[in-house]
Every structure is written in C-alpha cells, then in structure tokens.
Amino acid sequence: QSTWGERVGRRGNRGILTRSTQLSHSPIVDICMGRLRSTLHQAGRKDTANIEPFITLQLDIQDDKIHRIKDALEAFFSQEELHGFTSSDTNKEVDAYRKLSLEHLPPVLILQLKRFCYDVERGRLIKLDKSIQFDIALEIPKECISPTLKRDPMTEHRRKYYRLFAVVYHHGERAEGGHYTTMLYHTGTVGWLAADDTSIRPVKPQQVLRGPPNSTAYLLCYRRMDYSVNTTNNYPQTR
C-alpha cells in the first residue's frame with residue numbers, strides 16, 4: 001500500500017513530495033522492518049522522495065576501499081550522481097543525484113554482506129572471500145540517517161546504537177555450495193554459543209568477531225540498544 005504526502009514547513013513553504021509504502025503487520029515486520037528514504041534531487045525541480053520498507057540491508061563489499069561494516073554502510077548511503085538524467089519537463093539532461101538514508105531504525109537490524117556476485121569473465125557466480133571487520137557494538141553513522149530522523153532527540157541518545165546478537169557464517173570457497181553455521185548470544189546463559197548442525201558449544205566474543213576457520217561472515221544481526229527482550233513472550237520491549 002502506497003500513499004503520497006507533502007511536508008510543509010513552519011511558514012507554509014512546500015517541502016519534499018513523498019511517497020510511502022507500508023507493509024502489513026506481523027511479528028517479523030514489527031521487529032525487523034526499517035524504512036529507507038530515497039531522495040531524488042534534480043536542478044530546477046522540487047525534491048521527491050520514496051520511503052520504502054526493508055527487512056535486511058544488502059551491503060555491497062566489492063570495492064577495495066571497503067574493509068569494515070562502517071565502510072559498507074557509508075558506501076550504501078553515499079550520494080549517487082545520475083549521469084544522463086533527463087527532465088520530464090524539458091526532455092533535456094539536467095544535473096541530478098539520488099541519496100539514500102534511514103528513515104526508521106528497526107528494533108532488529110539485519111545486515112547482509114553481498115558475498116556472491118556474477119563474474120562475467122568466468123561466466124558464473126563467485127564468492128567474495130574478503131574479510132570485513134565488525135564489532136559487538138554498532139553506531140549508525142550520522143551520514144546514513146535521514147534529516148527527519150536526525151531531528152528526533154531519541155535518535156542521538158539511544159536509537160542509533162545497536163549490539164550484535166547473532167552472526168551467520170558461510171564456509172567454503174564456492175558460491176554454489178558450502179556450509180552455514182551460526183554464533184548467537186543467549187540471554188539465558190549470558191554468553192555466546194556456536195551452532196553447527198546438532199553441535200552447540202560456548203564461545204568467547206573474540207571468536208565471534210574472528211569467525212570459525214575457513215569461513216566468512218554473511219549475515220550480521222544487531223539489536224537496538226533501547227530494546228530489551230521480555231522473557232515472558234520473547235518480544236522486544238521499548239525501555
């Protein structure tokens with residue numbers, strides 16, 4: 001379901017024309033859904049923005065400059081110049097760019113590292129077997145946050161801070177196969193556990209960040225710091 005709206009300034013000045021898409025409520029949507037704002041700026045026209053929901057953020061890690069999760073996030077939300085963009089009013093090329101930003105920070109943020117890509121020369125899918133550094137604590141860079149969200153004082157004080165609670169690793173060198181394992185933080189034991197099929201054993205935080213031998217991190221799951229787990233129904237609660 002999509003709706004259109006226009007943000008009006010304090011003095012009645014017209015702002016950005018915005019289209020927003022909504023998802024139906026469900027436990028997964030309520031816990032994991034965030035919102036992305038995609039703003040299009042073109043010379044001589046009012047900015048327009050689409051607000052779209054997401055469950056996972058898919059981060060490109062191919063660039064040689066990307067070594068950390070922060071690098072991948074900043075690249076994902078960097079300004080994209082739109083070369084050859086044609087104005088619908090004049091049918092002439094105009095300067096334009098697109099900028100993504102986070103409009104809503106979900107209680108659970110799932111980051112997917114795009115390790116599998118198509119190699120044109122080889123004619124097949126390959127795995128990017130590069131190491132990407134991540135930490136237990138994650139602060140969303142301010143460059144990734146929308147102007148609307150920045151105006152919310154709770155964003156600066158609490159909502160942009162996350163803590164890692166699960167990692168999914170891919171084992172193997174080929175994209176066509178391999179094996180997946182998980183390390184997750186267990187609130188009952190107040191510690192980290194490694195799960196590999198039927199094998200479950202305790203591990204230290206350093207092992208989580210390093211990962212199992214011959215593996216690379218594929219999915220990172222972070223919990224927003226102003227949310228806690230209600231042990232009665234396992235549903236996140238706002239502090």
Side-chain angles (χ1 to χ4, degrees), residues 26-36 53-61 66-77 100-115 131-146 149-150 152-170 180-196 200-212 215-239:
S26 72
I28 295 297
V29 168
D30 293 343
I31 296 172
C32 300
M33 189 195 76
R35 292 188 181 91
L36 285 174
F54 70 88
I55 300 296
T56 64
L57 281 184
Q58 300 183 6
L59 303 181
D60 193 341
I61 59 172
I66 296 177
H67 304 286
R68 305 170 299 164
I69 283 297
K70 183 181 179 182
D71 301 332
L73 283 169
E74 291 178 347
F76 183 89
F77 290 103
L100 289 175
S101 58
L102 284 162
E103 183 77 2
H104 171 69
L105 295 167
V108 170
L109 177 64
I110 303 175
L111 304 179
Q112 177 185 347
L113 305 184
K114 296 174 67 175
R115 292 199 172 276
S131 176
I132 300 295
Q133 297 178 13
F134 59 94
D135 295 312
I136 300 294
L138 172 67
E139 177 182 350
I140 304 298
K142 63 180 181 179
E143 296 83 5
C144 306
I145 299 174
S146 75
L149 202 55
K150 286 178 181 177
D152 183 353
M154 293 299 293
T155 300
E156 183 65 29
H157 295 153
R158 288 186 181 180
R159 291 180 179 162
K160 68 176 184 177
Y161 298 99
Y162 284 82
R163 194 162 186 84
L164 188 72
F165 73 89
V167 184
V168 176
Y169 306 90
H170 180 264
Y180 291 94
T181 62
T182 303
M183 291 189 187
L184 66 156
Y185 186 83
H186 193 282
T187 56
T189 62
V190 195
W192 286 89
L193 300 175
D196 184 353
I200 299 177
R201 58 184 177 83
V203 291
K204 297 180 179 180
Q206 294 84 352
Q207 293 174 274
V208 177
L209 301 179
R210 187 169 58 249
S215 74
T216 50
Y218 178 57
L219 289 176
L220 305 175
C221 302
Y222 284 89
R223 176 178 60 83
R224 216 172 72 192
M225 290 297 291
D226 64 331
Y227 269 73
S228 61
V229 176
N230 185 315
T231 56
T232 302
N233 56 20
N234 292 326
Y235 198 80
Q237 304 291 320
T238 302
R239 291 176 180 171

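Start at 1 with the first residue, then count along the sequence.
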Inset, instruction - Would you mind reporting whether L193 and P202 have side-chain heavy atoms less than 4.5 Å apart? - result: yes
Inset, instruction - State, yes or no, whether a side-chain contact exists between M183 and Y169 at a heavy-atom distance under 4.5 Å. - result: yes
Inset, instruction - Find out whether V208 and Y185 are in side-chain contact, i.e. whether some heavy atom of one side chain is under 4.5 Å from a heavy atom of the other. - result: no
Legend entry - Side-chain touch S146/F77, heavy atoms, less than 4.5 angstrom: no
Inset, instruction - Of all the heavy-atom pairs spanning H104 and M33, show the shortest one and how long it is. - result: CD2-O, 3.5 Å
Legend entry - Counterpart residues, side chain to side chain donor-acceptor pair (under 3.5 Å), relative to E139 (two or more places apart): K160
Legend entry - Euclidean distance, Y222 OH relative to I110 CD1, rounded to 0.5 Å: 12.5 Å
Inset, instruction - Calculate, to the nearest 0.5 Å, the distance between atoms CD1 and CZ belonging to I132 and R115 respectively. - result: 6.0 Å
Legend entry - Close side-chain approach of W192 to I136, heavy-atom, < 4.5 Å: yes
Inset, instruction - Please round to the nearest 0.5 Å and tell me the distance separating atom CG of L164 and atom CZ of R223. - result: 11.0 Å
Inset, instruction - Give, for atom CD of Q58 and atom NZ of K114, the distance between the pair rounded to the nearest 0.5 Å. - result: 6.0 Å
Legend entry - Rounded distance (nearest 0.5 Å) linking atom CD of Q112 with atom SG of C221: 10.5 Å
Inset, instruction - Rounded to the nearest 0.5 Å, what's the gap from CG on L138 to CG on L73? Could you check? - result: 6.5 Å
Legend entry - Side chain R224, main chain L105, donor-acceptor under 3.5 Å: yes
Inset, instruction - Return yes if some donor-acceptor pair links the side-chain N/O of D71 with the main-chain N/O of R68 below 3.5 Å, else return no. - result: yes
Legend entry - Exercise: identify the closest heavy-atom pair between G211 and S215: C-OG, 4.1 Å
Legend entry - Note, L102 side chain near L36 side chain (heavy atom, < 4.5 Å): yes
Inset, instruction - Kindly give the heavy-atom pair with the smallest separation between K142 and K150, and that separation in Å. - result: O-CE, 3.0 Å
Inset, instruction - May I ask you to test the L113-I69 pair for a side-chain heavy-atom distance under 4.5 Å? - result: yes
Inset, instruction - Taking all heavy atoms of P107 and all of Y162, pick out the closest pair and write down the distance. - result: O-CE2, 4.0 Å
Inset, instruction - Hey, can you tell me if Y218 and Y180 have their rings parallel, tilted or perpendicular (30° and 60° cut-offs)? - result: tilted
Inset, instruction - Would you check if C144 and F76 make a side-chain contact, meaning some heavy-atom pair closer than 4.5 Å? - result: no
